[in-house]
Amino acid sequence: MRNSLHFIIASLAMTAASHGDTTFLTNNTASKILAPNEADAAALEGVGATDVTALTLSSDDGGGTLNLTTNLVTVNAGTPTLGMDGNSMGANNDKWGTNQIWTFTFDQTLSFDGFQLFDSNQIKDKMSISSTAWGGDTVTDGSNWVFTQAGGVGTITTGIVPAASTVYDFTGSGLSNVAAGTEITIAWVEGNGAVEMESFTVGSVGGGGTPNPAIQSFTSNVASATPGSSVTLNWSASNYDTLVIEPGSIDAAALSTNGSGSTSVTVNATTTYTLTASKDGNEATRNLEVTVTESVDNSSPSQVSLWTQWYRPVDQPVFSTTDGNNHDAVIFHEPTGSTYKYYLIVSHEPSNAFLWGTNTFSWNSADWTLIEGNYQINGQYEYDDGVKVGDTYYLFEAGKVLTYTGDLVNSSGNWTQAGTFPSGTCDDIGVFHEDGVFHIFGEYGNFPYGPDGTSLSHYTSTTGLGNWTLVDAKAVDPNPDGGNANGVGDATIIKVDGIYYLFCDLETQTNPYRVIAWSSTDINQPFTYLGIAFEPREGETDDWDNYRVQDADILYVPELKRFIMVCNMRDLDGNPGPNATRVIGTFYSKVTDGGFDAYLEGFPTLAGPDALVDADPDGDGATNGEEYAGGTLPDDSSSVPLHHFTSVEDSALDYPALVFDRIKVDPQATRTGETSNAGSLDTGAFSPAAGVEVLTGPSEIGAFFEKVTYRSTTPCGAADSQFLRVRTTIAPTP
């Protein structure tokens, strides 16, 4: 197979919902975006408005404050631009009472030489307009300037005329331009009662001349990203000579067609990008923040790890939706000697937990037996993690170690508090037992935005009941550069093929829980960040996991030939379940040691011809068989088997070499280096004997894979050209 270079071009189309077709916006109790050519824009343009580009209008439901942001600053003389009726002060409130205000800003410089305030004749004598952009009574560009028709607050009368008792005209007042983003406030200032809030409008009067620069939109394809990832910035602007994005001094004008364009930037930390449109000394600016949600170790692998690839076996793999507060599940596999092969302890309330059992694993509680619905352990609200050593089960929670010996079928009410662990510096733990040593990883430090730690500490004990020794307070550190932007907790640990994998919750100030992956070849050394294992489907409002996914517990399931994780799921909007309901969800790993057929089960969207071993459904040049043997994803064109060309020095000579990944747990799948050193690309010219494997070692993909360095036996500089390739063979499953 030849080496290939793939360029990925992604685009994001965004549309805004259409609103009403009236000039005045009514019943606005949520933020709205008004895009060009929408019904509201057309209505405004129909009454003379020009440059109608964007509108965001929001209201609190109580009718106290409205916030208006708009790019619309140019209309024909005397024509209203944006307005609202009385209902805009709240869905059920068409009165304007004492101390209620309306605050708005424009998204570009606004000249108050062309500004009018239109109000109803019922409120014209009892309102004020103010802004921190204006000065005192005789100063036109300072702070705390207030205009009040009724007096008593400080007035300016020159150039401000209540025309026809309904329009306050600022034309000729001499007020200087007001910078974009400056707040302007209209307030009810007189009387203790409420008044009907009939329609009024704030507008800018067209004065002719060249239109000012304007920015209609400035967005990114993602709101948050991981360090080192690529983010696409998109924009639309008009009436500019220069269009620049900072930081980076990106010439957006050169990247634009008819004012619209995009570019990709690499983000390593939370960054605020500023788009500035300039013309004739006038500027329009708009800011856009791209949040980096996780800090990661600089040694993070460049290859995608299959241990960050998990999937839902069905759309809603939800376990037990009828019992309310299901969370913090602990799962055990008992191949022999127990009534059930699998046991699942599900936390509920301090009054009771749930104990489930089955002999055939399933994500569906209908396939399990509820052994005990009033399961009694120790009156705790939840249970962090558990492990079985010999015939004894250990559960850890809130500094207590609880034990039970025997078949879990008979364990209700028979658990004993046998020890303690240091929950003050190691809480919400994950436990792992190996070679007579208990290892616990738990929350350390104070994450200020939630009940998490700023790292995971690592303690060990030979008994699991006490005498704990601190190995490392930052064995898992999501904040390697310091600070407390990321919170972690609720770990679960496994060891596969000599590599330790740790999964834990991640929370930031703005993002709810998701589950992330770490690995280490030595459990007593710090873990390396791998990436996000799975996260809530925030845009899917009818799913159980549209708010958060957390508290995972991992297990290898032999009949599935893959790993599963059970975790909490919670939805945000009460659909499909009540808002307080939590359920247990199940995720399956895409990594498997069960052969090609089991591998394809991890990609349920591939079916029919796309699921054949020699198919290439993502069009990246690698067949499904090559993706399987090379540890990549057959449904993602950006995930391609590694083929890295290099050179290897041996006895002072350099030899052309090829580095590639290959699966090592499936004898039916082979990847072999081949060389043609006679200057020919003919199939028969290639031979594995014309080269030699000089190095094999751990792959960044993780367990079940190895990285191979294969070199030619002919040094560089030989008379004939040399070619190297990788041959992948997938034998039929016997």
Side-chain angles (χ1 to χ4, degrees), residues 312-388 391-397 402-416 490 492 543-545 548-560 563-571 574 576-588:
R312 299 165 179 83
V314 296
D315 180 56
Q316 301 278 31
V318 177
F319 187 100
S320 186
T321 63
T322 60
D323 294 310
N325 190 25
N326 293 271
H327 62 103
D328 288 81
V330 181
I331 191 166
F332 297 99
H333 176 220
E334 305 294 351
T336 60
S338 296
T339 304
Y340 292 97
K341 186 184 295 185
Y342 299 95
Y343 288 104
L344 183 70
I345 298 174
V346 178
S347 298
H348 180 54
E349 299 289 353
S351 58
N352 68 292
F354 301 106
L355 177 63
W356 297 81
T358 186
N359 285 309
T360 302
F361 182 84
S362 171
W363 57 265
N364 189 345
S365 59
D367 299 325
W368 291 62
T369 298
L370 180 59
I371 300 168
E372 181 56 72
N374 187 29
Y375 189 51
Q376 299 296 312
I377 303 179
N378 196 49
Q380 303 293 140
Y381 173 65
E382 61 191 11
Y383 303 93
D384 291 343
D385 201 5
V387 66
K388 186 182 182 184
D391 294 328
T392 300
Y393 294 88
Y394 296 75
L395 280 181
F396 295 78
E397 169 58 28
L402 310 171
T403 62
Y404 171 78
T405 302
D407 192 336
L408 281 182
V409 165
N410 304 311
S411 61
S412 182
N414 294 317
W415 288 83
T416 301
D490 294 279
T492 185
D543 290 328
W544 286 98
D545 57 336
R548 66 189 188 197
V549 178
Q550 65 184 111
D551 298 345
D553 202 31
I554 193 168
L555 182 72
Y556 180 75
V557 179
E559 59 260 40
L560 297 177
F563 296 82
I564 63 94
M565 276 197 273
V566 291
C567 55
N568 303 351
M569 285 183 177
R570 187 168 183 178
D571 75 303
N579 197 38
T581 297
R582 285 191 286 180
V583 296
I584 299 302
T586 310
F587 291 80
Y588 288 15

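Side chains are part of it too, since the values below use all heavy atoms of this structure and drop only hydrogens, waters and symmetry mates. Being a predicted model, the structure only gives us computed values, none of them experimental.
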Starting at [atom1] of [X], measure out to [atom2] of [Y] and round the result to the nearest 0.5 Å.
{"X": "Leu355", "Y": "Leu370", "atom1": "CG", "atom2": "CG", "value": "8.0 Å"}
{"X": "Tyr588", "Y": "Ile564", "atom1": "OH", "atom2": "CD1", "value": "7.5 Å"}
{"X": "Tyr383", "Y": "Ile377", "atom1": "OH", "atom2": "CD1", "value": "4.0 Å"}
{"X": "Ile345", "Y": "Glu372", "atom1": "CD1", "atom2": "CD", "value": "12.0 Å"}
{"X": "Lys388", "Y": "Ser338", "atom1": "NZ", "atom2": "OG", "value": "4.5 Å"}
{"X": "Thr360", "Y": "Lys341", "atom1": "OG1", "atom2": "NZ", "value": "6.5 Å"}

Give me the atom names and distance for the closest heavy-atom approach of [X] to [Y].
{"X": "Gln376", "Y": "Ser412", "answer": "N-OG, 3.1 Å"}
{"X": "Gln316", "Y": "Trp544", "answer": "OE1-N, 3.6 Å"}
{"X": "Ile584", "Y": "Ala329", "answer": "CD1-CB, 4.0 Å"}

>> Checking Asn364 against Val314 for the side chain to side chain contact (heavy atoms under 4.5 Å, CB included) test, could you report, in this order, the C-alpha distance in whole Å, the side-chain angles of both residues, the deciding distance, and whether it holds?
In response: CA-CA 10 Å; Asn364 189 345; Val314 296; over 6 Å; no
Given side chains that start at C-beta, do those of [X] and [Y] come closer than 4.5 Å, heavy atoms only?
{"X": "Glu397", "Y": "Asn378", "answer": "no"}
{"X": "Phe354", "Y": "Leu344", "answer": "no"}
{"X": "Met565", "Y": "Thr586", "answer": "no"}
{"X": "Val330", "Y": "Phe396", "answer": "no"}
{"X": "Asn326", "Y": "Phe319", "answer": "no"}
{"X": "Asp543", "Y": "Asp315", "answer": "yes"}
{"X": "Tyr381", "Y": "Glu349", "answer": "yes"}
{"X": "Arg548", "Y": "Arg582", "answer": "yes"}

> Quick one: are the ring centres of Tyr342 and Phe361 less than 6.0 Å apart?
Replying inline: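 Yes, ring centres under 6.0 Å apart.
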Is there a donor-acceptor contact under 3.5 Å from the side chain of [X] to the main chain of [Y]?
{"X": "Asp385", "Y": "Thr492", "value": "no"}
{"X": "His327", "Y": "His348", "value": "yes"}
{"X": "Asp551", "Y": "Asn568", "value": "no"}

> How far apart are the C-alpha atoms of Cys567 and Val549, what are their side-chain angles, what is the distance that settles it, and do they pass the side chain to side chain contact (heavy atoms under 4.5 Å, CB included) test?
Replying inline: CA-CA 7 Å; Cys567 55; Val549 178; 3.5 Å; yes
>> Using side chain to side chain contact (heavy atoms under 4.5 Å, CB included), reason through Thr339 and Ile371 one step at a time and then give a plain yes or no.
In response: CA-CA 11 Å; Thr339 304; Ile371 300 168; over 6 Å; no
> Going by distance alone, is a donor N or O of one side chain under 3.5 Å from an acceptor N or O of the other, for Asp328 and Ser347?
Replying inline: no
> Are Asp391 and Thr405 linked by a side-chain donor-acceptor pair shorter than 3.5 Å?
Replying inline: no
>> Quick one, Trp356 with Thr358, criterion side chain to side chain contact (heavy atoms under 4.5 Å, CB included). Give me CA distance, side-chain angles, the key distance, then yes/no.
In response: CA-CA 7 Å; Trp356 297 81; Thr358 186; over 6 Å; no
> Would you call the rings of Tyr340 and Tyr343 parallel, tilted or perpendicular if under 30° counts as parallel and over 60° as perpendicular?
Replying inline: perpendicular
